[in-house]
Structure formats: structure tokens, C-alpha cells
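Inspection log for the structure reproduced underneath, given as C-alpha cells.
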Amino acid sequence: QAQLVESGGGLVQSGGSLRLSCAASGFTFRNYAIGWWRQAPGKGREGVACIAYRDDSPYYRDAVKGRFTIARDNPKKMVTLTMNNLKPEDTAIYYCAAEWSDCVGVEAGDPEGSEYWGQGTQVTVSS
């Protein structure tokens, strides 16, 4: 059974940092891109970052470029999202998801492109 489990969320002050982790099991991890999504209260889910399975190339939405870094460890079946210089507008539930179309879904902002989802982890940035 495919499973993704996020961890590392929490409460941080504006300008602070957090590192989210996504642990995968139950599917062939190396054959899937892993994306991070977020959903703030009253808003739709948006793609934040993604790392491809073919060449580990990263994608970032403009709002997080230069602040967030995504990385994957295939032997450990783990993806991390390091978030620096956090802003109140980064407050959301963060989800990791696996898609076989190599980040096309994340780049297009289409959650339907992801096959497996984690349960989410809350990130709250205070001003």
C-alpha cells in the first residue's frame, strides 16, 4: 500500500526556517516525481516545489524561489523541503505527493496529476 508521511511542520516567526520531510513507502519511489503542495485556509491547493525522478531537476513556484530548496534521497525514499526566510503568507498545510509525469502536474497547478498524497503537516508563520 502506497504511503507518504510528512513531518517537520510547526510554528515559526517571520524570517525563520523549517525543514519538511516526506517519507515514502509501498511504491517504486525512484519512478515518481515528488511534489510539495500547500493549502491555506479558504484557498485552493497550490504547487510549491517538485523534484523530477529522471534527473532530480527542481521546480519552484515564483513566490518561493530563492527561499525554498527541495532534495530527494532515493535509497532512503525521502524528500525534504528546506524553507528559509519564511513569511506569514507561507502559512498553510503542506502536503507531499507523488506523480509519474515528472512535475508536469505541479508546474500546471493540477493536483489531479498526483497519484499518492500524504496527510499534510501544518506550517504557521507569525508576523
Side-chain angles (χ1 to χ4, degrees):
Q1 182 179 354
Q3 191 173 20
L4 293 168
V5 179
E6 302 95 338
S7 60
L11 173 64
V12 64
Q13 289 187 333
S14 181
S17 298
L18 284 173
R19 188 183 187 193
L20 304 184
S21 295
C22 173
S25 61
F27 63 98
T28 308
F29 180 79
R30 65 180 182 276
N31 289 348
Y32 284 79
I34 302 296
W36 284 96
W37 297 76
R38 66 187 181 188
Q39 188 165 15
K43 295 187 178 181
R45 197 166 292 191
E46 61 181 21
V48 176
C50 187
I51 188 161
Y53 69 85
R54 286 191 179 91
D55 58 4
D56 286 0
S57 58
Y59 160 81
Y60 302 99
R61 70 181 296 113
D62 287 346
V64 307
K65 283 181 180 177
R67 300 190 296 123
F68 290 12
T69 302
I70 190 169
R72 69 187 294 156
D73 185 330
N74 283 343
K76 293 184 178 179
K77 298 182 181 180
M78 183 83 69
V79 170
T80 58
L81 184 69
T82 302
M83 307 185 294
N84 296 320
N85 190 22
L86 283 161
K87 304 176 181 181
E89 52 264 42
D90 294 318
T91 295
I93 299 174
Y94 283 70
Y95 302 87
C96 64
E99 65 167 84
W100 65 270
S101 58
D102 230 5
C103 297
V104 170
V106 176
E107 294 185 30
D110 180 10
E112 296 299 319
S114 292
E115 189 169 348
Y116 309 120
W117 288 86
Q119 82 289 348
T121 185
Q122 177 71 47
V123 171
T124 303
V125 185
S126 62
S127 57

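Here, residue 1 is the first one in the sequence, and each next residue gets the next number.
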**Request:** Could you tell me how the ring of Y32 sits relative to the ring of Y116: parallel (under 30°), tilted (30 to 60°) or perpendicular (over 60°)?
**Result:**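 Answer is tilted, since the angle falls between 30° and 60°.
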**Message:** Which label fits Y95 and W117: parallel for a plane angle under 30°, tilted from 30 to 60°, or perpendicular past 60°?
**Reply:**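 Correct class here is perpendicular.
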Say you draw a straight line from [atom1] of [X] to [atom2] of [Y]; how long is it, rounded to the nearest 0.5 Å?
X	Y	atom1	atom2	result
E6	L81	CD	CG	11.0 Å
R67	N85	CZ	CG	6.0 Å
M78	S7	CE	OG	7.0 Å
L11	T124	CG	OG1	6.0 Å
E107	E99	CD	CD	8.5 Å
R38	R45	CZ	CZ	13.0 Å

If you define the side chain from C-beta out and look only at heavy atoms, does anything of [X] sit under 4.5 Å from [Y]?
X	Y	result
D62	K65	yes
W37	I93	no
V125	E89	no
M83	V48	no

Search all heavy atoms of [X] against all heavy atoms of [Y] and return the closest pair with its distance.
X	Y	value
A40	A92	N-CB, 3.8 Å
V106	A49	CG1-O, 3.8 Å
S17	N84	OG-OD1, 2.9 Å
I34	C22	CG2-SG, 4.5 Å
A52	D55	CB-OD1, 3.7 Å
S127	S14	CA-CB, 4.2 Å

**Message:** Ring of F29, cation from R72 - is the NZ or CZ under 6.0 Å from the centre and inside 45° of the axis?
**Reply:**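 The answer is yes; both the distance and angle limits are met.
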**Item:** Pairing of K87 and D90 as salt bridge, 4.0 angstrom limit
**Value:**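 D90 and K87: not salt-bridged.
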**Prompt:** Is Y59 reachable from W36 through a run of hydrophobic residues whose side-chain heavy atoms are each under 4.5 Å from the next?
**Reply:**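 Shared cluster, no.
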**Message:** I'd like to know if the side chain of D102 and the backbone of Y53 have a donor-acceptor N/O pair within less than 3.5 Å.
**Reply:**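 Yes: the side chain of D102 pairs with the backbone of Y53.
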**Asked** Can Y60 and I70 be said to form a side-chain contact (heavy atoms from CB on, under 4.5 Å), step by step?
**Response** CA-CA 9 Å; Y60 302 99; I70 190 169; 3.5 Å; yes
